[in-house]
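Data block below; observations after.
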Amino acid sequence: MEGESGDITVASGNRKCSAVTGSARKIKDNAADWHNLMLKWEKLNEDGFNIAANIVNIRLSQRNQQEPVDESSSPPSSYSPSSPPSDAAGGAAELRDECCKLQDIIDKMVVVVTKMERLMTSQQGIQDLEEFQFGPEGRKFPLFHTWNTNQFELSSGVLWEAFSQELKLKQTVLQELAHTSTSDLCMVYLSCWLHQPFIPNQTRLTLEALLLETGHRPL
Amino acid sequence: MSKPALSSLHQALRKSFKTLENNQTVWKSVLAECSPLMVSLGNLAEQSRALSNVQISNTPLRDFPDLEDRLRFKLLQATDTVLGKLNEKMSSLQSVRDAISNQVSAVVQLFEQNTDSLDVLAVTERSATTPSIADMLEWLQDAERHYRQQYLLFGFVLGWVCVMLGVYCFSSTGVFRFLRRKTLLQTLRPDNISLLESAPKRWKSLESPSAEDCITDTLCKVSFFMESQ
């Protein structure tokens, strides 16, 4: 109801983004939320990478310790049997701590992606509302510069798709990282975490396009 | 008669040493910026090798069918960025080399134009504060040669790294598969990626501190001369 009156004023010429209301307001806020959520994700990703690298280091040093111990179990050594168990126990506790921290990061990432999903749903809602108001053709004049409402929905979808897939990958990495014994696979997990293969560079462009269209970035 | 020629030659020499001094600082700082880039290049090579060694379909990552391609693409992209930055550094080194070369060839040319008016005594005469013209010209030419050779060497290594990366990256996609029969590429098989990982060390070993020290030495020897007007 409020949206309707707002839509009309916006569409009829008030293109100044400072006073937008209704659908335009909602879309603009969503774009800002996208930006903030992606920033938050980046931060989490960075923190998570450091933790993941720690896990791999602990894991590899444990393995390096264990291997010589296994081989040298037959030759007599008075001090080595006493030191490795305590070291291993310390390492295990440390490993558990780091894994908990990483779990924490993943939990926060889940929250971020859930919020992203809500943004996408809200964008779908706006699209449905527009269809209801203006019919299947949509509104005659764009809300901002050139995009129609459908394009906002599409780009939200693209962004969400990328992040939810990346989250799944990270969850797999979390489950496997501390149980991996081959250094190559550890390296692959780490580079997966760092390079985020499911978030292509286009997502950044999509976000920038969204910000540019909604007037967060000056043209 | 030789007085004006001598003083203009001295002036040109002073200017050359000044150029040398400034550019030596630039050269050193550019080289210092290259080292971390070479390290990240080595890291990326290591990651690529790990990815090739792992059969993704036998790991828990098998649920992500296009993961390998995507990750490889990301690694390539990152490598590309680093190579781009290294390329910029190479252009900085090139401009240092050119600045020194131009300055030195100008002063040598000036000397050659004035050989008639300068006798052996004038060229070899030196004092406590002013080295002889012959010595100074020699030092300048030594420095110029040093930077020219270093630049060539770095360029060669960077080119070699690019070839290795290219062979490595494309051999897995099949583009190079038919070319690999050629002898040159046979020596550059992708398992040589371990050589790439050592690129940072190799790069470091190319820097020749002794030659660089020689140039600093030279600059010390001419410091009084540069201050005198």
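Per chain, numbering begins at 1; letters A, B, ... match sequence-line order. The shown structure was predicted, so the numbers you read here are calculated from the model rather than taken from an experiment.
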Please determine if A:Glu98 and A:Lys101 form a salt bridge, counting it only when a charged side-chain N lies under 4.0 Å from a carboxylate O.
yes
Counting only heavy atoms not in A:Lys26, do more than 12 sit closer than 6.0 Å to its NZ atom?
no
Between A:Ser191 and chain B, which part of the residue has a heavy atom less than 4.5 Å away: side chain, backbone, both or neither?
both
Counting only non-hydrogen atoms closer than 4.5 Å, does A:Phe198 touch chain B with its backbone (N, CA, C, O), its side chain (CB onward), both, or neither?
both
Highest number of heavy-atom pairs under 4.5 Å with chain A: which of B:Asp69, B:Leu67, B:Thr59?
B:Leu67
Interchain contact, B:Gln77 with chain A, by part (heavy-atom threshold 4.5 Å)
side chain
Would you say that more than 12 heavy atoms from the other residues, nucleotides or ligands in this model lie under 6.0 Å from the CZ of A:Phe49, or not?
yes
Do you know which of A:Val188, A:Val173, A:Leu190, A:Thr182 has the most heavy-atom pairs with chain B at a distance under 4.5 angstrom?
A:Val188
Evaluate whether atom NZ of B:Lys85 has more than 12 neighbouring non-hydrogen atoms of other residues, nucleotides or ligands under 6.0 angstrom away.
no
Taking A:Gln127 for its side chain and A:Asn150 for its backbone only, find out whether a donor-acceptor pair lies under 3.5 Å.
yes
So which part of A:Gln165 gets closer than 4.5 Å to some heavy atom of chain B, the side chain, the backbone, both or neither?
both
